[in-house]
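Numbers restart at 1 for each chain; the letters A, B, ... are given by sequence-line order, proteins then strands.
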There are 2 protein chains.
Amino acid sequence: MPRHEREQQIIDVAVRVFAKRGYHASSVDEIAELAGISKPMVYLYLDSKEGLFLACLRREAARLVAAFQEAARGAGPAPELRLYAGLSAFFVFVAEHRDSWVVLHRQASELSEAIAAAVAEARRAVMSEVASLIRDGIRESTGDGAIPGADRADGADRGHRAAQLGDEDADFVAHALVGAADSLTDWMERHPGQSPEGITLRLMNMVWVGMRDVLDGKVWLP
Amino acid sequence: MPRHEREQQIIDVAVRVFAKRGYHASSVDEIAELAGISKPMVYLYLDSKEGLFLACLRREAARLVAAFQEAARGAGPAPELRLYAGLSAFFVFVAEHRDSWVVLHRQASELSEAIAAAVAEARRAVMSEVASLIRDGIRESTGDGAIPGADRADGADRGHRAAQLGDEDADFVAHALVGAADSLTDWMERHPGQSPEGITLRLMNMVWVGMRDVLDGKVWLP
């Protein structure tokens with residue numbers, strides 16, 4: 001079996017074991033045994049228990065980001081439909097790859113700096129995807145963008161200011177949305193009857209409808 | 001100095017050291033020295049490094065929950081004003097007690113089961129406060145509650161169903177909102193010019209306005 005395949009096989013087993021036992025209680029012995037491979041070979045391929053965990057983390061994070069991106073890109077040009085498709089792919093991923101999500105969400109923080117950095121990078125990748133969808137949505141709503149038919153762009157200076165405002169706002173909304181989605185995976189676990197699509201729809205309605213209204217000038221004040 | 005005061009003094013120092021160095025790199029030696037107390041005395045009072053971290057975590061979590069509750073309760077009867085005041089107190093706390101938040105938010109997860117349990121409990125306390133404000137808001141909007149002047153309650157059965165729906169919805173919104181607020185503390189750190197009140201207002205506008213519209217039947221569909 002070629003090295004790459006062998007590594008993937010070890011990682012498959014490791015994700016299951018780390019998800020089940022937690023990082024500290026997991027042993028390379030058990031992972032090697034379940035993967036049907038010798039322990040020295042695991043160390044040769046993946047260096048250490050930490051290296052093995054990092055490999056799990058990076059692969060699952062890359063899969064999650066790819067699922068989000070592919071769904072979003074496949075959903076046509078409207079930003080809110082792309083956001084909906086991306087969020088839906090996220091909740092479907094979490095529902096279908098529970099072990100991956102346990103490793104990414106529950107166990108990764110603070111194990112080591114290398115692991116924390118890998119988690120932060122994955123989060124940044126998702127955040128920047130989401131922010132760019134939101135930004136497109138804001139530009140479309142305010143007419144400040146290259147959307148055909150947009151008729152509200154009035155002057156380069158105002159357009160420039162709107163774009164800056166839009167970037168900061170988009171980043172704000174992306175942080176709120178990614179944090180909300182993270183947290184809702186706990187809710188989803190306690191409500192197994194709820195579909196990932198239904199959860200996405202509720203979240204879109206909470207956030208997107210409110211955001212559009214704010215852009216339309218319908219502002220809540222205390 | 002009485003034991004309780006001595007303990008508080010050790011915890012004050014420990015929060016600063018844990019926030020600065022992280023759990024693993026922190027030493028009880030340094031904490032004892034900075035607190036001006038002998039190391040055996042620290043162990044006598046707080047049992048172990050883990051016990052010390054747990055004491056920090058519990059105290060700071062209790063302070064955060066109390067800040068949220070007091071602000072919410074002091075803001076009058078309208079649920080959205082109570083939610084606004086509570087969220088605002090949260091962001092003010094994070095801005096003013098950065099060390100406490102680093103300990104609660106970044107370092108607590110997965111250090112040990114006891115620590116994870118303490119974090120989960122604090123999160124549940126905040127979540128249930130938020131959910132109850134949301135629930136009050138939903139009931140007020142749908143007229144299903146003891147709000148004077150509510151005129152849409154029509155029959156116990158319908159009222160009971162609405163209350164059930166309301167609980168699940170409120171719990172959903174609370175998860176989304178608490179996750180969003182958690183995540184926005186990172187955004188706040190990168191935008192030091194933004195006030196906690198401004199951040200709260202943006203978040204309220206994203207979430208509350210959208211939720212009210214959904215309750216009014218203005219639903220987004222893909």
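Here the closest non-hydrogen pair linking B:Ile199 and A:Phe172 is O-CZ, 3.6 Å. What you find for B:Gly179 and A:Ser183 is that their closest heavy atoms are CA-CB, 3.5 Å.
Between chain A and the residues B:Val178, B:Leu81, B:Asp171, the largest count of heavy-atom pairs under 4.5 Å involves B:Asp171. Ranked by heavy-atom pairs under 4.5 Å with chain A, the list B:Ala75, B:Ala180, B:Ala181 is led by B:Ala180. The residue among A:Leu201, A:Leu177, A:Thr200 with the most heavy atom pairs within less than 4.5 Å of chain B is A:Leu201.
Contact annotation for A:Asp182: neither backbone nor side-chain heavy atoms come within less than 4.5 Å of a heavy atom of chain B. Only the side chain of B:Met127 comes within contact range of chain A, with heavy atoms under 4.5 Å apart.
Looking only at side-chain heavy atoms (C-beta outward), A:Val173 and B:Arg202 stay at 4.5 Å or farther from each other. The shortest side-chain heavy-atom distance between A:His175 and B:Thr185 does not fall under the 4.5 Å cut-off.
Between B:Arg190 and A:Glu168 no salt bridge is recorded (no basic side-chain N to carboxylate O distance below 4.0 Å).
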